[in-house]
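The structure under discussion appears below in the form of structure tokens.
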Amino acid sequence: MSFTTCALCPRLCRSACPVATGSGREAAVPAVIAGTMLDAERGNVPAALAREALTLCTDCGACQEHCHLHVPLPQLLREARAERVPRPALEPLQPIHGTGDWIAIESDDRPFAEALSKALGKDVRKWRTSDHLGVETLAYPGFEERLERIRGRIGNGRVVVVSGGVARVLEKAGVGYQWLHEVVRDLPGGDGSCALGGNRPLACCGAAGPLAAFHPDDAERTGRVWLDRSEEWVVRDARCRSHLNRCGGTVQDPLDALIARVMP
Ligand code: SF4
Ligand code: SF4
């Protein structure tokens, strides 16, 4: 499969793409990105312009979902990024601290493991990651070894997550997990995310994929469109929470609700 079908497509998935919609940029329309990449493959586009096009994406999958031909454009873009965009920095896997069957994967500075332990009345181990277990390098060579190490560290632990990035890595590793709002009853659900599914005002808020690192202004514009469209002030994915608050929103996620409930 190549970029040809998308490059010749009359932009049918344009309105589904959160980056095209949120940034308002013609260059971010999936068919235009594919056209740029087709030209790049023919040697007609400089490498920097190809990288620019490839990173105008949150890897949300919406184009494929809305495609009448089900073209796997997100996968084509992922593979092309692994070839043409330098690998993002990768944090070494941190040790898991504590005892007990449960493992809370902390992806920001909030005391997730402690709050979950109080809510469940059980010991909860803490696993800290500042890059969502390296989700942005998932398609790059060598990630399989990291997945093997992740499987080894988790073993038979019962994993609970709040980050869509972490969830994507665990899925790739074939490791079972639950979202916080599935484990603790009566937490608010709120808008879904590109990793979690569910109802959302845009396919992605702009937090995921290479967009935020390479095009922070476009990521912020996308976040503001989400905020304009949303009638919710709760989002399920901690990545969306951080990003939307950076975009001027005042949103919370289930972990905020849990901390407010159980922490002194
Ligand atoms: S994913 Fe489908 S709808 Fe979108 S540009 Fe490609 S062919 Fe067209
Ligand atoms: S994966 Fe999402 S952000 Fe990327 S081109 Fe498709 S719809 Fe746009």
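With rounding to the nearest 0.5 angstrom, the NE2 atom of His97 is 11.5 Å from the CH2 atom of Trp127.
The aromatic rings of Trp179 and His181 are tilted relative to each other, their planes meeting at an angle between 30° and 60°.
Counting only distance, with no hydrogens or angles, the side chain of Arg146 and the backbone of Leu133 share a donor-acceptor pair below 3.5 Å. Judged purely by atom type and a 3.5 angstrom limit, Glu232 has no side-chain atom pairing as donor or acceptor with the backbone of Asp191. A donor-acceptor pair under 3.5 Å is formed between the side chain of Arg153 and the backbone N or O of Leu93. With Arg200 contributing its side chain and Gly198 its backbone, the two residues share a donor-acceptor pair below 3.5 Å. No donor-acceptor pair closer than 3.5 Å links the side chain of Thr137 to the backbone N or O of Tyr140. Between the side chain of Thr55 and the backbone N or O of Glu52, at least one donor-acceptor pair lies under 3.5 Å. A donor-acceptor pair is defined here as one N or O able to donate and one able to accept, closer than 3.5 Å; no such pair exists between the side chain of Ser107 and the backbone of Thr129.
By the 4.0 Å N-to-carboxylate-O rule, Lys122 lies too far from Asp101 to be salt-bridged with it. Residues Glu106 and Arg110 are not paired through a salt bridge, judged by the lack of any N-O separation under 4.0 Å between the basic side chain and the carboxylate.
Between Val19 and His215 the shortest side-chain heavy-atom distance does not fall below 4.5 Å. No side-chain heavy atom of Lys126 sits less than 4.5 Å from a side-chain heavy atom of Phe112.
None of Val161, Asp253, Leu258 except one satisfies the side-chain contact (heavy atoms from CB on, under 4.5 Å) rule with Leu180; the exception is Leu258.
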